[in-house]
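Worksheet for the structure shown next.
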There are 2 protein chains.
Amino acid sequence: MSPCSTLTEHLRQKGYRITLQREMIIQTIAHSEQHISAEEVFAEVRKHTPAANLATVYRTLDMLWEEGLACRNDLGECRIVYAALQHGPHIHLVCRYCNRLIDADPQALESLREELDTEYGFTADLQHISIFGVCAGCQLSSEKLKEE
Amino acid sequence: MSPCSTLTEHLRQKGYRITLQREMIIQTIAHSEQHISAEEVFAEVRKHTPAANLATVYRTLDMLWEEGLACRNDLGECRIVYAALQHGPHIHLVCRYCNRLIDADPQALESLREELDTEYGFTADLQHISIFGVCAGCQLSSEKLKEE
DNA sequence: TTCCTTATTGCAAGTATTTGCAATAAGGAA
DNA sequence: TTCCTTATTGCAAATACTTGCAATAAGGAA
Ligand SMILES: [Mn+2]
Ligand SMILES: [Mn+2]
Ligand SMILES: [Zn+2]
Ligand SMILES: [Zn+2]
């Protein structure tokens, strides 16, 4: 089964209606290897059909995220990016100073996942998480500043 | 030393100019026990002086966050909230289905913090983090749906 | 104190995202 | 197949946040 029909089937099970718009949006995100913004999904869908509206793209991407069928990340730029599940798993370390992105091993989250599950019954989305902080370079330069 | 002058001192060290606007914004966030949005900070500052502009509030709050002097969180609502450092530490578990917030023990993040530091030299902001996922209640109801 | 440099602000315009509502179209029932 | 219900869409307006630029004012030098 193609990744697209897996998604549409899941939605159908849940009682969502499968519209042309949703099919196009799903196709776009499922075929994109990388992070993609709502505006970019919109542009891609528009290449194939004029039947698309940016508000619908936002609503559909957020719905896919709510259903656990897509990732949604703030990477410190001024827009949210989305990705298909197969894009993960990895951690994005985002430097709040210089905005650099570092990819980290998602294994580091396994014990956290278990703890949140057993302690709070909470199933955390940790396959593609953003963690803000300060990168090694920025820390170094701020220490230098202190010495002066 | 009051929490406000600690912040302004830190900024002065770093070469930032201490303006009336910054003082008012710092005062507002430092005296707020809870999460507060930029719009709310703006309203509070406006009570005391007309010398304030929403763009400046956004710029200042983001600057405080960049400097590690304030927290900045997406709690699943349609606006970002800020908080003074003394508001933490805790984890906010945010249900992407029903938007419920659950507070979790920040201790769960200690091993992650260490690993990110030693492996990547990355100092993660984990004192007041939001983690998205599905709460126990929503998981239960989605399982019920499957059975039918 | 006065002056100068330049970081910071206000404003207005721009971009990103959300929302209310009437028109449309999935998909189940007949 | 046709019809009906109501979820979904498009549109336009609202809200949330960002940015370029000229005017202002910190704060260091004289
Ligand atoms: Mn990624
Ligand atoms: Mn909190
Ligand atoms: Zn950095
Ligand atoms: Zn929930």
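Every chain is numbered from 1 and lettered A, B, ... according to where its sequence line falls, protein lines coming before strand lines.
No side-chain N or O of A/His92 forms a donor-acceptor pair with one of A/Asn73 less than 3.5 Å apart.
Pairing each heavy atom of A/Pro89 with each of A/Pro106, the nearest pair is O-CG, 3.6 Å. B/Ala51 and B/Leu20 get closest at one heavy-atom pair: CB-CD2, 4.3 Å.
At the phosphate of D/dT8, neither OP1 nor OP2 sits under 4.0 Å from any side-chain N or O atom of A/Thr19. Proximity of B/Tyr58 to the phosphate of D/dT18: no side-chain N or O atom is located under 4.0 Å from OP1 or OP2. For B/Asn53 and C/dC11, the shortest distance from a side-chain N or O to OP1 or OP2 is below 4.0 Å. Applying the 4.0 Å criterion to OP1 and OP2 of D/dA26, one finds that B/Gln21 has every side-chain N and O outside that range.
In this structure, A/Thr60 and B/Leu20 both approach DNA chain D, and ranking their closest nucleotides by distance from the 5' end singles out A/Thr60. Along DNA chain C, the nucleotide closest to B/Ala51 and the one closest to B/Cys78 are compared, and the more 5′ of them pairs with B/Ala51. Where B/Tyr16 and A/Ala55 each meet DNA chain C at their nearest nucleotide, the meeting point lying more 5' is that of B/Tyr16. Comparing A/Pro50 and B/Arg12 along DNA chain D, the residue whose closest nucleotide (by nearest heavy atom) sits nearer the 5' end is A/Pro50.
Among the protein residues, B/Leu54 comes within range of no part of the nucleic acid, since none of its heavy atoms lies under 4.0 Å from any strand. Counting non-hydrogen atoms under 4.0 angstrom, B/Arg59 reaches a base of the nucleic acid. Contacts of A/Ala52 with the nucleic acid, taken as non-hydrogen atoms under 4.0 Å apart, involve only primed sugar atoms and P, OP1 or OP2.
The distance between atom CD of B/Glu39 and atom C1' of D/dA14, rounded to the nearest whole Å, is 13 Å. When rounded to the nearest whole Å, the span between CH2 of A/Trp65 and P of C/dT17 equals 14 Å. The CE atom of A/Met24 sits 19 Å away from the P atom of D/dT8 (whole-angstrom rounding). When rounded to the nearest whole Å, the span between CD1 of B/Ile80 and P of C/dA16 equals 15 Å.
Both distances falling under 3.5 Å, in either a Watson-Crick or a G-U wobble arrangement, place D/dA13 opposite C/dT18. Across all strands shown, D/dA22 is found opposite C/dT9 as a Watson-Crick or G-U wobble partner, with both distances under 3.5 Å. In this structure, D/dG28 forms a base pair with C/dC3, meeting either the Watson-Crick or the G-U wobble geometry with both donor-acceptor distances under 3.5 Å.
Closest contact between the side chain of A/Arg17 and the listed nucleotides C/dA16, D/dT5, C/dT9 involves D/dT5. The side chain of A/Arg79 lies closest to C/dT17 when the candidates are D/dT9, C/dT17, D/dT18.
With salt bridges taken as basic N to acidic carboxylate O contacts below 4.0 Å, none links A/Glu39 and A/Arg79.
Applying the 3.5 Å distance criterion, the base of D/dT8 shares no donor-acceptor pair with the side chain of A/Arg22.
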